[in-house]
Amino acid sequence: MAGLTTQAENNLLNLMKGTNWPSSGAWGAAPANTYVGLFTTAPTTDASASYTGTEVSGGSYARVTVASSGWSALSGGSTTPAQISNSGVITFATPSANWGTVLAVGIFDALTTGNLLWWNTITSQSINTGVVASFAIGALVLTVD
């Protein structure tokens with residue numbers, strides 16, 4: 001997203017937090033919630049629902065709901081990347097079957113299907129039956145630079 005102004009970066013991150021786009025409302029209402037998902041194959045595009053990654057499925061898997069208030073205040077600015085992070089622990093359900101090797105995380109606008117809004121690779125980890133995946137406070141950082 002190179003080339004965006006600081007204000008545009010902040011507007012995008014505020015949209016993720018549930019704050020409406022500035023007065024024009026060009027992007028419509030911000031989501032009240034976002035949903036964190038896990039991938040065994042990383043997406044190759046983050047533009048829309050047409051992403052090509054493989055999201056975990058089965059074995060009690062479900063995306064985790066994060067309320068707009070579940071994201072931190074904006075930090076960064078004109079000389080450092082603008083960012084927000086999770087302000088609470090994000091914990092997935094306990095797997096009842098192996099989920100495989102998780103190597104990417106995504107932020108969606110819906111609990112199922114919907115649009116992929118953001119994604120990034122993470123340190124890969126095998127998530128097998130009984131192994132709970134989670135992100136500590138501040139571990140999931142959404143950056144615009």
Side-chain angles (χ1 to χ4, degrees), residues 1-49 51 53-96 99-128 130-145:
M1 296 200 157
L4 291 176
T5 65
T6 298
Q7 186 60 52
E9 292 172 352
N10 291 344
N11 290 343
L12 287 171
L13 291 172
N14 274 323
L15 182 71
M16 292 290 298
K17 286 176 44 75
T19 305
N20 287 337
W21 190 256
S23 62
S24 69
W27 287 15
N33 298 311
T34 49
Y35 305 87
V36 180
L38 301 173
F39 290 90
T40 57
T41 304
T44 57
T45 178
D46 58 357
S48 69
Y51 64 89
T54 303
E55 189 174 4
V56 171
S57 64
S60 303
Y61 172 78
R63 295 175 187 164
V64 176
T65 302
V66 178
S68 59
S69 61
W71 297 104
S72 68
L74 286 165
S75 64
S78 60
T79 60
T80 59
Q83 64 183 27
I84 59 174
S85 63
N86 57 306
S87 58
V89 176
I90 296 172
T91 304
F92 288 82
T94 302
S96 60
W99 288 356
T101 301
V102 172
L103 48 75
V105 61
I107 310 296
F108 293 85
D109 64 359
L111 186 58
T112 60
T113 63
N115 298 296
L116 177 62
L117 305 173
W118 226 278
W119 72 274
N120 203 352
T121 57
I122 57 176
T123 302
S124 64
Q125 181 176 355
S126 291
I127 306 295
N128 295 321
V131 175
V132 177
S134 67
F135 293 93
I137 294 171
L140 191 54
V141 179
L142 308 180
T143 303
V144 179
D145 60 0

Can a side-chain donor-acceptor contact be found between T91 and S134 if the only test is distance below 3.5 angstrom? no
Parallel, tilted or perpendicular: rings of F108 and F39 (30°, 60°): parallel
Mark yes or no for whether [X], through its side chain, and [Y], through its backbone, hold a donor-acceptor pair below 3.5 Å.
{"X": "W99", "Y": "S126", "result": "no"}
{"X": "T143", "Y": "Q83", "result": "no"}
{"X": "N86", "Y": "A139", "result": "yes"}

Do [X] and [Y] have side-chain heavy atoms sitting under 4.5 Å apart?
{"X": "V102", "Y": "V56", "value": "yes"}
{"X": "F92", "Y": "V36", "value": "yes"}
{"X": "N33", "Y": "S68", "value": "no"}
{"X": "F135", "Y": "I122", "value": "yes"}

If every non-hydrogen atom of [X] is compared with every non-hydrogen atom of [Y], which pair is closest and at what distance?
{"X": "T121", "Y": "A42", "answer": "CG2-CB, 4.1 Å"}
{"X": "A133", "Y": "L38", "answer": "CB-CD1, 4.0 Å"}
{"X": "R63", "Y": "T113", "answer": "NH1-O, 2.7 Å"}
{"X": "T34", "Y": "W71", "answer": "OG1-NE1, 3.1 Å"}
{"X": "S85", "Y": "V141", "answer": "CB-CG2, 4.0 Å"}
{"X": "P95", "Y": "I127", "answer": "CG-CG2, 3.7 Å"}

Atom [atom1] of [X] and atom [atom2] of [Y]: how far apart are they, to the nearest 0.5 Å?
{"X": "L111", "Y": "T65", "atom1": "CG", "atom2": "OG1", "value": "5.0 Å"}
{"X": "T40", "Y": "E55", "atom1": "OG1", "atom2": "CD", "value": "9.5 Å"}
{"X": "I137", "Y": "S72", "atom1": "CD1", "atom2": "OG", "value": "11.0 Å"}

I would like to know whether L140 and W118 meet side-chain contact (heavy atoms from CB on, under 4.5 Å); could you show each step before the answer? CA-CA 11 Å; L140 191 54; W118 226 278; over 6 Å; no
Does the pair V66 and I90 meet the rule for a side-chain contact (heavy atoms from CB on, under 4.5 Å), with working shown? CA-CA 8 Å; V66 178; I90 296 172; 3.9 Å; yes
